[in-house]
Amino acid sequence: MDREQIISKLNKEQQEAVLASEGPVLILAGAGSGKTRVLVHRIAYLIDVCGVAPYNILAITFTNKAAEEMRQRVDDMIGFGAGEIWVMTFHACCVRILRRHAEEIGFTRYFSIYDRDDQESVMKDILKRRKIDPKVISHKAVLNAISSAKDELITPEKYARLNKEWGQVKIADLYAEYQDKLKENNAMDFDDLISRTVALFEERPDILELYRRKFQYISVDEYQDTNTAQFRLVKLLADEHRNLCVVGDDDQSIYKFRGANIRNILNFEEYFPDAKVVKLERNYRSTQNILNAANEVIRHNRGRKSKRLWTDVGDGEKIRFKRYETGYAEAEAVAREIAQAVGRRERHYKDYAVLYRTNAQSRLFEEKCLLLNVPYKLVGGVNFYSRREIKDVLAYLKTIDNAVDDVASTRIINVPKRGIGATTITKIATYAADGGISFFDAAAAAKDIPGLSSATAKKVAVFTDFIAGLRRKSGELKVSDLIGEILNETGYLEALQAEGTEEAEDRLDNLDELRNKAVQYEENADSPSLSGFLEEVALIADIDTVDDNDDRVLLMTLHAAKGLEFPVVYMTGMEEGIFPSAMSINSSDSDEEVEEERRLCYVGITRAREQLTMTMAYERMMRGEMHPMMPSRFIHEMPREVVDLGKGSQASRTKPDLGNAGFGRSMREAITAKPYAPKPGNGAFTGAYGRSDEDMNSGYSSAYSRSGADRNGGAYSSPYKSPYSKPAQNKSSAPASASSGRIGSGELGYEVGDKVRHVKFGVGTVREIRNMGRDHQVTVDFPSWGVKKLLAGFAKLVREE
DNA sequence: TATATAGTGTTTTTT
DNA sequence: ACACTATATA
């Protein structure tokens with residue numbers, strides 16, 4: 001293609017961005033402004049017009065899905081040679097470089113990649129061995145501190161130099177040990193992938209030179225989400241030729257908690273004073289109403305590069321704001337609306353995305369979709385690859401592939417059960433530590449380990465022999481066959497099949513799925529290998545597996561929705577404390593954190609093409625308790641005229657002074673100003689505000705079918721009683737039932753205050769009897785043994801006359 | 001050694 | 001509400 005062909009279908013700013021091929025470029029791309037289009041055209045321009053070799057191009061994206069999409073579009077545009085371009089995520093790019101130079105930094109090319117789970121087992125182990133009370137220093141807190149340090153390229157030594165407080169000194173120490181442990185295991189965590197690549201480049205100018213020469217033209221997508229380490233990496237690679245094009249939107253920076261440094265984008269022009277800056281404000285995705293809402297909300301943030309999205313497609317529908325009694329009602333109403341629209345053939349399921357702030361909210365939507373037969377895909381939450389059965393199989397594969405990965409081998413040495421218990425595992429681990437060998441090698445030498453009985457050593461040998469056998473065969477066996485062999489030979493499948501529970505069925509399905517993925521990998525990879533498969537699996541995010549052709553509603557967090565778009569979007573749980581999260585509101589630098597939440601809101605709003613609905617619940621179940629909720633401040637921040645409150649909405653009914661006209665653009669006065677406070681006790685829905693019929697219906701029906709009665713075995717009877725008042729709990733120490741009168745009388749033959757005899761403890765006094773459902777827990781005070789809690793069915797207590 | 005249960009803490013977002 | 005840990009018991 002020639003220059004004219006490439007730029008002919010782009011707007012003026014986009015053309016400018018595409019044509020600025022040399023030198024540093026900062027593209028401030030508002031949501032939906034066609035930045036992927038620009039990036040793709042830019043690459044085409046570099047190759048077809050500037051004569052750059054595809055081999056010399058590096059395009060970094062945020063997710064594998066984005067990489068795939070970009071690769072596809074580049075393929076379509078330039079055809080031959082596109083395969084040579086590196087289009088991938090930071091992490092994938094670093095792994096590729098690190099595998100090649102692993103030996104030079106003390107690893108082998110088979111190094112494992114540890115996910116959060118693996119990191120946790122390493123850290124727990126360290127804390128345990130150091131006898132540190134996890135209540136004083138939690139493994140999670142340590143890992144978070146380490147992760148933040150790595151994002152900032154702070155080594156353990158530097159961390160120790162920088163931090164002198166007691167807790168921090170401890171962390172520095174643990175950090176150092178953690179790094180040693182990972183190295184021993186020939187493993188790296190996600191953060192290491194970046195920081196070790198940076199370290200490699202800084203220590204070995206010769207290697208850096210290699211990649212500088214290779215990557216002549218670099219582009220970075222979602223630049224606002226890069227952290228210090230990633231920025232340093234890019235800077236190292238681009239410093240010489242300075243052909244660096246970054247694309248980002250400071251308003252969409254939502255990963256500060258992961259170390260994203262918003263200054264990277266705000267200060268780009270300081271690092272590169274000669275940078276060309278292009279602003280893309282024309283939006284090709286949403287209606288003007290949606291854009292107005294987004295613009296107005298984000299305007300409440302300070303310190304941003306000002307920009308204002310616009311479109312010429314017209315106003316479109318207003319944004320709908322709907323309120324429901326509870327989270328259950330909210331979820332049901334959303335699912336029902338979708339089902340109805342699809343039923344009327346107005347929409348496909350895949351036109352919809354249901355977004356929420358936290359993964360915990362997903363369960364309700366999942367339940368209601370199931371109930372109403374709405375096909376859905378849940379993105380995130382429990383990642384496919386972090387399910388137990390999947391991790392088990394992967395641990396087998398890792399043990400075969402990376403013999404020194406102790407986390408992997410300890411995980412599966414007794415899975416399925418081989419009669420190797422915690423004591424044995426500790427003995428093997430100690431032996432390994434003393435001899436400076438890996439856990440697996442120690443296990444292979446079980447018969448030499450003092451203190452292990454020959455019977456135990458034999459059990460261990462069964463395991464190590466099995467792995468050794470597979471290791472021999474791993475060269476010629478395909479990954480999928482290897483998986484099959486593991487599942488069959490260990491009896492893993494058999495054990496699951498024997499269980500016969502629904503959960504076991506799910507697990508079997510997941511294992512099938514894993515085998516399918518392996519087959520897919522074998523078909524698609526250039527040169528399939530066990531390490532290659534493990535790497536792909538480690539770096540895949542849930543969102544990467546979303547299939548655009550699948551006709552399903554997508555359920556996901558607002559974070560996961562970044563970079564995507566949908567005709568219809570529901571933003572749910574629009575409540576203070578949920579969104580913005582209580583965490584951000586109560587934080588010590590609340591202003592900044594709420595601004596990040598606001599950006600998240602902006603991201604959510606701008607996902608919608610045609611219709612956007614925001615929903616909230618008056619009451620929400622959190623940590624097992626019902627809480628009254630107030631509308632999110634972000635609702636107030638939207639301009640009044642783009643929002644539809646729905647007919648018969650409470651605002652116009654109970655606040656006649658606000659009516660339908662005559663007040664300012666702010667939503668603040670137009671909607672509920674006070675939290676909905678159900679009267680305790682009577683529980684009827686007589687809050688201060690009237691409700692639309694729709695709200696009424698969904699509120700009640702859902703509450704009845706879901707909240708009270710069903711889950712407590714019909715414990716609550718009257719429809720006039722609040723479905724939300726807590727029914728008496730079975731385990732409560734109050735009388736188990738009104739009719740039985742005295743506690744535990746009848747079946748047990750004794751009651752509180754009675755003297756009872758126990759085979760071992762002798763005679764004691766019954767202090768308490770708790771109904772545990774099937775059995776009773778009896779608290780007995782034995783004069784010579786103290787107070788014991790016994791199960792009536794077990795203890796065989798006999799009343800003493 | 002394996003299992004069942006009670007007690008405890010916990011939650012934002014993720015490559 | 002849920003998951004994880006510590007404890008008790010066969």
Side-chain angles (χ1 to χ4, degrees), chain A residues 60-67 88-95 113-116 120 124 128 134-135 138-141 144 147 150-151 189-194 222 225-227 229-230 253-260 355-361 363-364 379-383 385-386 414 417-425 453 455-456 459 538-544 556-562 573 577-587 593 596-597 599-600 603-604 621-626 711 729 731 760 770 772-775 777 779 788-791 793-795:
Chain A
I60 305 244
T61 60
F62 192 66
T63 63
N64 291 296
K65 188 174 196 294
M88 53 186 87
T89 63
F90 267 111
H91 295 270
C93 172
C94 288
V95 170
I113 299 168
Y114 279 2
D115 64 11
R116 181 71 190 199
E120 287 189 7
K124 273 187 205 163
K128 204 181 214 166
K135 275 162 204 147
S138 85
H139 63 275
K140 285 183 182 168
N144 290 341
S147 175
K150 287 181 181 175
D151 287 343
D189 63 24
F190 283 124
D191 303 316
D192 283 337
L193 297 177
I194 313 292
E222 305 284 11
D225 288 322
T226 53
N227 61 33
Q230 290 164 333
S253 163
I254 55 174
Y255 283 106
K256 187 158 156 262
F257 71 93
R258 209 174 67 191
L355 310 182
Y356 35 79
R357 178 68 239 276
T358 69
N359 279 308
Q361 290 162 256
R363 213 193 86 239
L364 295 177
V379 178
V382 192
N383 192 320
Y385 291 105
S386 43
N414 195 33
K417 303 249 182 299
R418 297 186 178 87
I420 303 170
T423 0
T424 309
I425 291 176
S453 70
T456 313
K459 289 184 203 159
L539 295 180
I540 216 116
D542 207 19
I543 190 69
D544 300 334
M556 62 189 142
T557 62
L558 286 151
H559 280 88
K562 183 153 82 134
I578 295 275
F579 189 36
S581 73
M583 214 80 139
S584 64
I585 297 170
N586 301 328
S587 143
E593 297 213 5
E596 173 134 327
E597 300 274 311
R599 290 193 288 273
L600 192 54
V603 167
M621 190 70 107
M622 288 154 79
R623 277 209 235 93
E625 279 194 282
M626 213 36 114
R711 307 185 92 204
Q729 307 239 316
K731 65 180 174 192
K760 187 172 166 194
R770 296 167 78 137
M772 311 294 293
R774 244 170 285 152
D775 204 345
Q777 186 201 65
T779 311
K788 298 277 170 200
K789 288 185 176 173
L790 307 161
L791 281 183
F794 233 151

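First the proteins, then the strands, lettered A, B, ... as listed; each starts at 1.
- Both thresholds, 5.5 Å between centres and 30° between ring planes, are not jointly met by A:Phe257 relative to the base of B:dT14, so the two rings are not stacked.
- Between A:Ser584 and A:Gly421, the residue whose closest nucleotide on DNA chain B is further toward the 5' end is A:Gly421.
- Among the nucleotides B:dT12, B:dT14, B:dT15, the one closest to the side chain of A:Thr89 is B:dT15.
- One can place CZ of A:Phe579 at 21 Å from P of B:dT11, the figure rounded to the nearest angstrom.
- Side chains of A:Tyr114 and A:Asp192 form no contact here, defined as non-hydrogen atoms less than 4.5 Å apart.
- One C1' atom belongs to C:dC4, the other to B:dT13, and the distance between them is 22 Å to the nearest Å.
- Side-chain atoms of A:Phe257 and A:His559, non-hydrogen and from C-beta on, do get closer than 4.5 Å to each other.
- Looking at A:Thr63 and A:Glu222, their side chains never come closer than 4.5 Å, going by heavy atoms from C-beta outward.
- Ring-plane geometry between A:Phe190 and A:His91 is classed as perpendicular, the angle between the planes exceeding 60 degrees on a 0 to 90 degree scale with a lower cut at 30.
- Between A:Asp191 and A:Lys417, the residue anchored nearer the 5' end of DNA chain B, judged by the nucleotide with its closest heavy atom, is A:Lys417.
- Salt bridge status for A:Asp151 with A:Arg258: absent, with no side-chain N to carboxylate O gap under 4.0 Å.
- Listed candidates were B:dT13, C:dC2, B:dT15. Nearest to the side chain of A:Arg258 is B:dT15.
- Among the candidates A:Thr61, A:Ile194, A:Leu193, the single residue satisfying the side chain to side chain contact (heavy atoms under 4.5 Å, CB included) test with A:Phe90 is A:Ile194.
- In this structure, the NE2 atom of A:His559 is 8 Å from the C1' atom of B:dT14, given to the nearest Å.
- Taking atom OH of A:Tyr255 as the reference point, atom P of B:dT13 lies 11 Å away to the nearest angstrom.
- You'll find that the side chain of A:Asn414 is closest to B:dA2, out of B:dA2, B:dT12, B:dT15.
- Note on A:Phe90: nothing from the nucleic acid sits closer than 4.0 angstrom, heavy atoms only.
- One atom, NE2 of A:His139, and another, P of C:dT5, lie 7 Å apart when rounded to the nearest Å.
- Rounding to whole angstrom units, CG of residue A:Leu193 and C1' of B:dT14 are separated by 14 Å.
- Within the nucleic acid shown, A:Glu120 has no heavy atom closer than 4.0 Å to any nucleic acid atom.
- Distance A:Glu596 CD to B:dT13 P: 13 Å, rounded to the nearest Å.
- Here A:Asn359 reaches the OP1 or OP2 of B:dT13: one of its side-chain N or O atoms lies under 4.0 Å away.
- Closest to the side chain of A:Ala560, out of B:dT15, B:dT12, B:dT14, is B:dT14.
- Among C:dC4, B:dT11, B:dT13, the nucleotide with an atom closest to any side-chain atom of A:Lys124 is C:dC4.
- At a threshold of 4.0 angstrom between heavy atoms, the contacts of A:Thr63 with the nucleic acid are absent.
- In this structure, CE of A:Met622 is placed 14 Å from P of B:dT11, rounded to the nearest angstrom.
- Computed from coordinates, the A:Met556 CE to B:dT15 P distance equals 12 Å when rounded to whole Å.
- In this model, the phosphate group of B:dT13 is not approached by any side-chain N or O of A:Ser581 to a distance below 4.0 Å at OP1 or OP2.
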